[in-house]
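Here is how names work: the chains are called A, B, and so on, in the same order as the sequence lines, proteins then strands, and each is numbered from 1. No hydrogens, no waters, no symmetry mates; every other heavy atom, side chains included, goes into these values.
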4 protein chains.
Amino acid sequence: MVAFSERRKKLYRIIFEADTAAGKAFDVALLILIISSVVVVSLESIVSLRRNYLQLFLILEWAFTVIFTIEYFLRIYSTPRPVKYIFSFFGLVDLLAILPTYLSLFILGSQYLLVVRVLRLLRIARIFKLTRFINEGQVLTRALRASATKIAVFLGTVSLLVVIIGSLMYVIEGRENGFTSIPKSIYWTIVTLTTVGYGDIAPQTTLGQFVASLVMIMGYGIIAVPTGIVTVEMSRSDRANLTQQVCPNCHAEGHQADAAYCYRCGYKFSELA
Amino acid sequence: MVAFSERRKKLYRIIFEADTAAGKAFDVALLILIISSVVVVSLESIVSLRRNYLQLFLILEWAFTVIFTIEYFLRIYSTPRPVKYIFSFFGLVDLLAILPTYLSLFILGSQYLLVVRVLRLLRIARIFKLTRFINEGQVLTRALRASATKIAVFLGTVSLLVVIIGSLMYVIEGRENGFTSIPKSIYWTIVTLTTVGYGDIAPQTTLGQFVASLVMIMGYGIIAVPTGIVTVEMSRSDRANLTQQVCPNCHAEGHQADAAYCYRCGYKFSELA
Amino acid sequence: MVAFSERRKKLYRIIFEADTAAGKAFDVALLILIISSVVVVSLESIVSLRRNYLQLFLILEWAFTVIFTIEYFLRIYSTPRPVKYIFSFFGLVDLLAILPTYLSLFILGSQYLLVVRVLRLLRIARIFKLTRFINEGQVLTRALRASATKIAVFLGTVSLLVVIIGSLMYVIEGRENGFTSIPKSIYWTIVTLTTVGYGDIAPQTTLGQFVASLVMIMGYGIIAVPTGIVTVEMSRSDRANLTQQVCPNCHAEGHQADAAYCYRCGYKFSELA
Amino acid sequence: MVAFSERRKKLYRIIFEADTAAGKAFDVALLILIISSVVVVSLESIVSLRRNYLQLFLILEWAFTVIFTIEYFLRIYSTPRPVKYIFSFFGLVDLLAILPTYLSLFILGSQYLLVVRVLRLLRIARIFKLTRFINEGQVLTRALRASATKIAVFLGTVSLLVVIIGSLMYVIEGRENGFTSIPKSIYWTIVTLTTVGYGDIAPQTTLGQFVASLVMIMGYGIIAVPTGIVTVEMSRSDRANLTQQVCPNCHAEGHQADAAYCYRCGYKFSELA
């Protein structure tokens with residue numbers, strides 16, 4: 001770890017942490033700024049508002065950007081490991097949250113990308129002492145990660161299905177009924193299989209409607225598969241009552257609540273906790 | 001408890017309870033009145049009916065309102081704790097069920113808010129001796145409350161996703177394809193992610209349709225998460241219910257909730273609990 | 001049981017049972033006739049076909065009806081308990097399967113009701129020796145019946161919600177945006193909450209689209225509730241491994257596979273099976 | 001097994017297996033060719049591209065077909081059991097992947113059927129050493145197969161329902177509201193029951209909208225059934241997986257699938273199984 005001055009340490013505690021009064025105030029201010037800036041970008045996109053308040057929007061947008069830019073450089077300045085911060089997830093989000101305004105000088109419309117600022121809210125979570133939320137989030141994430149292979153197999157199968165049905169419908173319905181190309185037919189198949197059903201393209205021929213009916217019933221059944229996967233995975237970790245504990249010897253996760261030994265390396269837990 | 005006259009006590013038993021003949025008759029009459037009044041408000045909103053029977057509708061509406069107003073004051077009069085009643089959930093609903101008619105003298109159209117009267121049906125539940133229904137309702141409510149944190153994390157993630165995808169689609173599709181502003185694009189994203197799919201706004205560009213396809217498949221998978229959460233929670237309280245009892249004779253576990261005898265040794269449970 | 005002739009007994013075995021060669025042949029013939037007659041009714045409803053082959057359709061329809069009428073009277077003649085048959089579920093279906101043709105002489109268009117004939121297919125199930133299917137059907141039915149109270153609570157809550165949201169949207173959107181009356185707004189709410197989303201009515205105002213977004217997300221979450229209910233119920237009977245066994249003493253159903261005693265009356269099973 | 005030359009054996013290892021460098025290279029080349037050819041067929045279906053690059057598309061299509069034809073005959077030549085290969089699933093897919101191009105000489109438009117080539121990707125799975133994926137796929141397939149009877153009962157019930165509701169809506173709404181025939185009404189019922197909801201056909205009469213509302217709520221509930229079936233089936237095979245092993249030292253049950261040590265006593269499992 002690089003040595004660095006007292007002032008930097010103080011700044012670091014304010015900006016990166018939330019356990020001091022100043023740190024908490026900083027985070028609350030940031031929270032308000034982020035939400036305001038996203039609301040401003042959203043409102044700016046409404047034509048009637050933009051026409052009447054263009055000046056105001058420009059001023060606000062640049063004000064937010066300048067503040068966030070200063071904050072960005074303060075973060076780089078105060079952190080003991082600037083390079084690690086810059087290339088971390090939050091470092092990149094912080095950069096993306098200011099870049100579009102500068103880009104909008106050259107490329108029209110790029111300022112709408114500023115909504116990536118909402119991602120910064122993920123960091124603010126800590127001011128609510130949301131450990132319980134973060135834990136629950138980890139439970140959900142672990143359940144999804146554990147079933148990733150099953151989900152990949154499922155998505156792969158659905159993709160093959162969608163390409164074949166899409167092409168079939170292109171041949172059956174043809175250009176005159178809105179199925180103007182195979183990619184568009186595949187888009188229709190996804191719209192139908194997921195039961196979204198816009199109706200911008202809909203089969204007109206009897207054969208097409210028959211195939212569509214089969215696709216719908218299939219989609220109706222297929223939805224059971226991801227639901228089953230996720231439910232079983234959540235139910236498993238719920239039943240086994242898996243803990244947040246990490247084995248201090250081999251760093252394995254997902255131990256049962258009543259575990260006395262690591263199931264991976266046999267390390268004895270009992271003297272802990 | 002404040003002392004109060006015999007007549008009030010009698011009124012209280014009729015109005016607030018349902019274990020006497022008069023109390024039951026009162027509740028049945030109320031049930032019919034509430035449903036009739038909601039049906040009348042609904043029918044009044046149909047233009048052709050309103051034009052022809054305006055007089056009749058006005059009379060009926062005021063009749064219902066006068067009856068409910070009298071009932072409201074009788075409730076305040078008969079209850080031993082009027083203030084507590086007035087500010088209870090049902091007290092507020094009872095007030096909201098009469099206010100709009102009086103308001104409609106000043107503000108046109110406010111009488112349609114009278115449909116909040118349906119909420120009063122919740123109270124009528126007791127005349128059916130619906131304890132079983134109320135118990136089941138509590139099981140559902142408990143399951144939902146127990147998974148509230150997980151659901152909050154889930155909704156938070158979906159909200160961030162919806163803002164980012166909405167803005168992206170606004171940039172991709174633009175005003176000429178119906179995505180006239182970021183709020184409207186966010187609305188479209190919700191319509192698509194929840195698989196509702198009105199089709200009033202639908203992507204026209206190839207890139208937009210590609211992103212839309214990803215959103216649909218995502219929404220198709222995301223629906224598995226709340227389902228998994230609720231199922232696991234219900235399953236947990238169900239499991240707890242099954243295994244509560246242990247046979248005092250043979251120590252067998254896993255008896256059904258309505259078991260009167262041990263399925264393993266035939267021991268009679270009934271003298272317990 | 002009423003005494004009746006040999007010929008009747010023979011007819012009964014052919015018409016009502018499927019364990020003789022003649023009985024099987026009868027059922028297969030009936031299966032073909034029922035499906036053909038439903039297909040004919042369906043095709044007749046297509047304008048272009050009806051115009052060209054009206055004569056043919058009329059002949060076929062009357063032919064099917066005459067055959068089914070003869071069969072109906074043979075059933076009444078051969079069964080030992082005619083009254084019980086006539087008022088049984090299948091007796092009524094058999095009657096409804098011939099009545100519309102005769103009615104069509106007086107009321108135009110009533111012949112399309114002939115499709116109730118498909119219900120007769122339920123009886124034909126036995127020729128496939130579909131006991132396994134019937135068992136599985138019973139498992140599904142039992143799961144649904146066991147969760148009937150929960151489902152009633154759920155549907156009641158949804159109904160209240162739908163009436164209130166529907167009226168709210170009527171006030172917000174108004175007649176000029178397609179929400180022409182409260183009943184129609186309630187219809188829109190159901191279309192949206194169930195994620196069907198026709199798009200024939202869609203909110204136009206910003207506030208309306210905001211409320212609609214909330215309804216969609218609610219509907220997205222609400223779907224988890226029936227799924228959770230049914231899954232838990234199925235999982236319970238699966239875990240407890242409930243059998244088809246009926247207690248010979250108290251006729252209780254739903255015994256666990258390893259049960260030695262009836263959980264309801266304590267009757268000893270072991271000497272059976 | 002028929003005796004055959006060294007060269008054939010070598011070819012067999014390259015074409016049918018993936019454990020040599022040459023075999024792997026062959027599979028990777030095939031993977032790229034298959035995806036490219038499907039993309040080319042898809043792009044060809046876009047009118048604007050087809051008009052400008054018809055010559056190029058024709059050349060590419062024939063090139064792919066010639067390569068796949070050579071590959072097909074090499075497979076027949078090198079396999080020790082040509083007849084078995086030809087009539088295997090992959091043999092038929094390989095044939096279907098080249099036939100449409102030759103057919104397109106006689107039948108216009110048949111070349112779009114070439115997308116069946118995506119099915120060939122199923123074979124390529126092995127180059128990723130995707131045993132884990134294949135295992136997971138088998139778990140999913142087993143769960144679906146085990147619940148096949150339940151799903152058949154479910155689909156049968158839904159089919160009867162759909163025919164009856166479809167005919168009812170035809171009688172209620174009639175030709176003037178888009179329900180032009182019973183088959184079309186059945187199509188509408190499927191669109192509604194599966195919550196797809198295109199909106200190309202939508203009920204106009206009040207009674208029709210009322211019935212439609214019932215169908216939607218029914219569909220909303222019915223979706224719970226396949227989900228419940230698949231979840232319970234998956235959960236069952238998952239539970240079986242968890243409880244297989246019993247610790248030989250302390251007899252603890254409920255070890256995780258990848259456990260190397262007993263979580264209760266720390267006993268090492270690895271010498272087992």
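Under the side-chain hydrogen bond (donor to acceptor under 3.5 Å, both in side chains) criterion, C:Tyr53 pairs with no residue, sequence neighbours left out. Applying the side-chain hydrogen bond (donor to acceptor under 3.5 Å, both in side chains) test to C:Gln209 and every residue at least two apart in sequence or in another chain returns nothing.
Comparing C:Val158, C:Thr195, C:Ile229, C:Asp200 by heavy-atom pairs within less than 4.5 Å of chain D, the highest count is held by C:Thr195. If you tally non-hydrogen atom pairs under 4.5 Å between each of C:Leu43, C:Val38, C:Ile46 and chain D, the highest count goes to C:Ile46. Interface check for chain C: of the options D:Ser159, D:Pro226, D:Ser167, D:Ala224, the most heavy-atom pairs under 4.5 Å are formed by D:Ala224. Among D:Pro203, D:Gly219, D:Gly197, the residue with the largest count of heavy-atom pairs under 4.5 Å with chain C is D:Gly197. Comparing C:Ile190, C:Val196, C:Leu193 by heavy-atom pairs within less than 4.5 Å of chain D, the highest count is held by C:Val196.
The shortest side-chain heavy-atom distance between C:Leu155 and D:Ile217 falls under the 4.5 Å cut-off. Looking at heavy atoms from C-beta onward, D:Phe210 lies out of side-chain contact with C:Pro183 at the 4.5 angstrom threshold.
Contacts between D:Val225 and chain C at a heavy-atom distance below 4.5 Å involve backbone atoms as well as side-chain atoms. Neither the backbone nor the side chain of C:Leu49 has a heavy atom closer than 4.5 Å to any heavy atom of chain D. Neither the backbone nor the side chain of C:Val162 comes within contact range of chain D; no heavy atoms are under 4.5 Å apart.
Remark: the backbone N or O of D:Ile182 is paired with a side-chain donor or acceptor of C:Ser45 at under 3.5 angstrom. Side chain of D:Tyr220 to backbone of C:Ile223: a donor-acceptor contact under 3.5 angstrom is found.
Within 6.0 Å of atom CD in C:Gln55, 12 or fewer heavy atoms from other residues, nucleotides or ligands are found, so the atom counts as exposed in its surroundings.
Minimum interatomic distance between C:Thr231 and D:Gly228 (heavy atoms only, all atoms of both residues): OG1-CA, 3.4 Å.
C:Tyr198 contributes atom OH, which lies 9.0 Å from atom CD1 of D:Ile201 (distance to the nearest 0.5 angstrom).
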